[in-house]
Amino acid sequence: MASLALTSAVNLRLRPTQSQKPRNSITQSLHFTQTSLKTTNLGKSLNLGGKRLNLEKSRRVIVKTSASASASSPAIVPQQQPPWQGAAMKPLIASIATGVILWFIPAPAGVTKNAWQLLAIFLATIVGIITQPLPLGAVALMGLGACVLTKTLTFAAAFSAFGDPIPWLIALAFFFARGFIKTGLGNRIAYQFVKLFGSSSLGLGYSLVFSEALLAPAIPSVSARAGGIFLPLVKSLCVACGSNAGDGTEHKLGSWLMLTCFQTSVISSSMFLTAMAANPLSANLTLSTINQTIGWMDWAKAAIVPGLVSLIVVPLLLYIIYPPTVKSSPDAPRLAKERLEKMGPMSKNEIIMAGTLLLTVGLWVFGGALKVDAVTAAILGLSVLLVTGVVTWKECLGEAVAWDTLTWFAALIAMAGYLNKYGLISWFSESVVKVVGGLGLSWQLSFGILVLLYFYSHYFFASGAAHIGAMFTAFLSVASALGTPPYLGALVLSFLSNLMGGITHYGIGSAPVFYGANYVPLAKWWGYGFVCSVVNLIIWLGVGGIWWKAIGLW
C-alpha cells in the first residue's frame with residue numbers, strides 16, 4: 001500500500017511529453033518507470049556506503065516520501081448538491097390558493113355544492129396549467145386526484161374521458177408524425193414545399209394555410225387534419241429550415257409557423273359544415289330550436305367571405321407581432337432542389353408511410369359512408385406502421401409529449417364535462433339570459449353581448465361539442481327572443497363555435513396537437529390567441545355582417 005501511494009503521488013507530479021503513448025498506456029508506464037527509478041536511485045546511494053537497506057528502513061523512506069507528496073496535492077472539492085427536481089413552489093401555491101379560496105366561498109343560489117367544488121378544482125387546475133409548477137400532465141393528474149380525494153367525482157367519473165376518442169386521436173397524431181419524420185417522407189414533402197414557395201417565410205406559411213383550408217371540407221375532424229397531416233409536415237419544414245424545439249432556434253421559423261397553422265385551422269373549421277365534427281351538432285340544434293335547416297351550401301355561402309379575409313389577415317398579423325427571424329431566403333428553393341436530388345428515389349419505408357397516410361386520409365374522407373370513425377382509421381394506420389416496422393412500439397412509448405397531452409387533455413375534458421352535468425353551465429346560461437334580456441337594448445347590441453359571453457366562456461371548455469351542447473340552444477333562444485333574426489343568430493353562433501377554439505391550448509382538437517410541438521410558450525399561446533380572437537370577431541361580425549346583409553340574412 002505504501003509503495004502504491006508513492007507511485008501515485010509521484011505520478012501526479014509528472015507531465016507527459018509529446019512523445020508518450022495514449023492516456024491509458026501512459027498511466028501504466030508512468031507507474032512502473034517511476035517506481036523503478038526510485039528503487040534504483042536508492043540502491044545506488046546505499047551501495048556507496050556498502051550497506052544494505054533492510055525492509056523496515058525502505059518502508060520508512062517510502063512512507064515519508066508519500067506523506068510529503070500528499071501534503072502538496074490539491075484539496076478535494078466537495079460535490080455540489082443536485083438541483084431541485086420538484087415543483088416550482090410559487091406557481092404551485094398560487095394554483096392551490098385559487099382552488100381553496102373558491103372552495104370556501106358560498107355557492108350562488110341555484111348551484112349545487114358538488115358543482116361549485118368542481119369549479120374550484122377546475123380553476124385551480126387551469127391556473128396550474130398556465131403557471132406550470134409541474135409538467136401539464138402532472139398538474140392535470142393532481143387535479144383529478146383532488147376531485148377523487150374530495151369525493152367531488154368518483155374515480156370512474158374523473159377518468160372517464162380517457163375513453164373519449166379525441167385525446168387518443170391527438171396522441172395517435174404524434175405517432176404518425178414520428179413515422180413521417182423518421183422515414184424521411186416529411187423531409188421530402190417539406191423540400192417540395194420549400195422548392196415551390198420557400199423564397200419567403202410568409203409565402204411558405206400561406207401555402208400551408210390554404211392547403212389546409214382546401215382539405216377542410218373533406219376531412220371532418222380538425223384533430224385528424226391538423227395532427228395526422230399538417231403537424232408532421234410543419235415539423236419537417238421547421239427542421240429542414242434549422243428551426244428546432246428546445247435549442248433556441250424556435251423563432252427562426254417554427255414558432256410563427258406553428259401558431260399560424262393552428263389559428264388558421266379554427267378558421268377553416270368554421271367555413272364548412274363538414275370541416276369540424278361538432279358542426280353538424282350546431283345544425284341539428286338549430287333545426288330543433290328555430291325549425292330551420294342549415295345546409296352545406298348555406299353554411300359555405302355565409303362563411304366564405306369572412307373566412308377568406310381571416311385566412312389572409314391572421315397569418316399577416318402574426319407575422320408582424322410574432323415574426324420569424326428568418327423572413328426571406330432566396331437560395332432556399334435551389335438548396336431544396338439539391339437536397340431532393342441527393343435524397344434520390346423514395347425508400348421502401350417512405351412508400352409504406354405514404355400508402356398508410358393515403359389509406360388513413362381516405363378513411364377520414366369517406367369514413368361516414370363506411371361507418372369508420374376518425375380514431376378507428378388512425379389506429380388502423382398506426383397498426384400498419386407497427387406491423388411493417390416503419391414505427392416501433394418502443395418509439396411510440398418514447399413520445400413523451402403524446403402521453404403528456406393525452407393525460408392533461410382527457411383530464412380537462414372530464415372536469416369540463418361534469419361541470420355541465422352538474423348544472424353549472426345551464427345556471428350560467430340562464431343567468432346571462434336574465435341579465436341581457438333585462439337591459440332593454442336593441443337586438444344588435446344584445447346579440448353582441450351574447451356573442452361575447454358565448455365566445456369567451458369557452459375558457460371553461462375543453463371541447464367544442466361540449467360547449468355547443470351546453471349553451472347553443474339557450475343562447476340562440478334568447479337571441480331570437482330579443483329580436484335577432486333567428487337564422488342569422490344560428491349561423492353566427494355556429495361559426496363562433498369553431499373560432500373560439502383558438503383562445504387556449506385545449507379549446508379545440510387541433511390546439512393540443514400544435515401546442516404539443518413545444519415551439520410556442522404557453523403565455524404567448526394564450527396571449528396571441530386572445531389577440532387573434534379579437535381580430536376574428538371584428539372580421540366575422542364586421543366584414544361578415546356586411547356580407548350577410550348583402551346576401552339577405554338580415
Side-chain angles (χ1 to χ4, degrees), residues 132 135-137 170-171 173-195 197-205 207-209 212 226-265 315 318-319 322-329 331-336 338-340 342-343 349-350 353 390-392 394-405 505 510-525 528:
Q132 294 188 43
L136 302 189
I170 291 166
F174 284 100
F175 303 153
F176 263 79
R178 161 73 73 153
F180 206 72
I181 293 171
K182 175 186 173 184
T183 60
L185 181 62
N187 281 342
R188 187 179 296 276
I189 298 175
Y191 289 141
Q192 288 285 3
F193 264 84
V194 174
K195 178 182 171 183
F197 310 104
S199 57
S200 73
S201 299
L202 192 60
L204 194 61
S207 70
L208 290 170
V209 166
E212 196 270 343
I229 300 173
F230 284 91
L231 174 69
L233 177 56
V234 174
K235 286 182 74 172
S236 296
L237 278 169
C238 295
V239 171
C241 295
S243 182
N244 300 293
D247 67 355
T249 60
E250 298 92 343
H251 289 289
K252 290 181 73 174
L253 179 65
S255 298
W256 171 77
L257 201 56
M258 287 288 177
L259 198 57
T260 295
C261 288
F262 164 62
Q263 286 296 335
T264 52
S265 74
L318 290 172
Y319 189 78
Y322 193 47
T325 56
V326 177
K327 296 185 177 181
S328 64
S329 50
D331 293 332
R334 178 181 58 79
L335 293 173
E338 292 176 0
R339 293 285 180 90
L340 284 169
K342 286 182 180 179
M343 290 183 76
N349 280 354
E350 281 184 271
M353 186 70 216
V390 172
V391 174
T392 67
K394 187 175 182 180
E395 289 170 335
C396 293
L397 292 175
E399 285 290 325
V401 173
W403 300 109
D404 188 58
T405 303
H505 64 300
S510 58
V513 172
F514 285 112
Y515 173 73
N518 292 325
Y519 276 86
V520 184
L522 188 61
K524 291 185 182 295
W525 190 276
Y528 290 122

Within the distance-only criterion (no hydrogens, no angle test), does the side chain of Asn244 pair as donor or acceptor with the backbone N or O of Val239 below 3.5 angstrom? no

Taking the six-membered ring for Trp and the single ring otherwise, decide whether the centroids of Tyr322 and His251 are under 6.0 Å apart. yes

Would you name the heavy atoms of Thr183 and Gly179 that are closest together and state the gap between them? OG1-O, 2.9 Å

Within the structure provided, determine whether Cys238 and Leu257 are in side-chain contact (heavy-atom separation under 4.5 Å). yes

I would like to know whether Tyr528 and Thr260 meet side-chain contact (heavy atoms from CB on, under 4.5 Å); could you show each step before the answer? CA-CA 10 Å; Tyr528 290 122; Thr260 295; over 6 Å; no

Value for OG1 (Thr325) from CG (Leu253), rounded to nearest 0.5 Å, stands at 8.5 Å

Centroid separation under 6.0 Å, is that true for the rings of Phe262 and Trp525? yes

For a 4.5 angstrom cut-off between non-hydrogen side-chain atoms, does Val209 reach Phe230? no

Taking the side chain as every heavy atom from C-beta outward, state whether Leu259 and Lys524 have any atom pair closer than 4.5 Å. no

With sequence neighbours excluded, what pairs up with Glu395 under the side chain to side chain donor-acceptor pair (under 3.5 Å) test? Lys182, Thr392

Does the side chain of Thr405 come within less than 4.5 Å of Val513's, by heavy atoms? no

Can you tell me how far the CD atom of Glu399 sits from the NZ atom of Lys394, to the nearest 0.5 Å? 14.0 Å

Gap between atom CG of Leu522 and atom CG of Leu136 - 0.5 Å precision: 6.5 Å

Considering non-hydrogen atoms only, spot the tightest contact between Asn518 and Ala245 and give its length. O-CB, 3.7 Å

So Tyr515 and Val520, do their side chains get closer than 4.5 Å, heavy atoms only? no

Specify the closest pair of heavy atoms between Lys195 and Pro333, including all atoms of both residues, with the distance to one decimal. O-CB, 3.6 Å

Lys327 to Tyr319, cation-pi by 6.0 Å centre distance and 45° axis angle: yes

Verify, without hydrogens or angle tests, whether Tyr519 (side chain) and Ser243 (backbone) share a donor-acceptor contact under 3.5 angstrom. yes

Closest heavy-atom contact between Met353 and Val390? SD-CG1, 4.3 Å

For Cys396 versus Phe175, what's the shortest heavy-atom pair and its separation? O-CE2, 3.4 Å

Tell me if a side-chain donor or acceptor on Ser201 pairs with a main-chain N or O of Val326 at a distance below 3.5 Å. yes

Do Cys261 and Phe514 make a side-chain contact, defined as non-hydrogen atoms from C-beta onward lying under 4.5 Å apart? yes

Residues Met258 and Leu231: closest non-hydrogen pair is CE-CD1, 4.1 Å

What distance separates Leu340 CG from Gln192 CD, expressed to the nearest 0.5 Å? 5.0 Å

Is there a donor-acceptor pair closer than 3.5 Å between any side-chain N or O of Ser200 and the backbone N or O of Gly203? yes

Using side-chain heavy atoms (C-beta onward) and a distance below 4.5 Å, is Leu208 in contact with Leu237? yes

Are the side chain of Glu250 and the backbone of Gly246 linked by a donor-acceptor contact shorter than 3.5 Å? yes

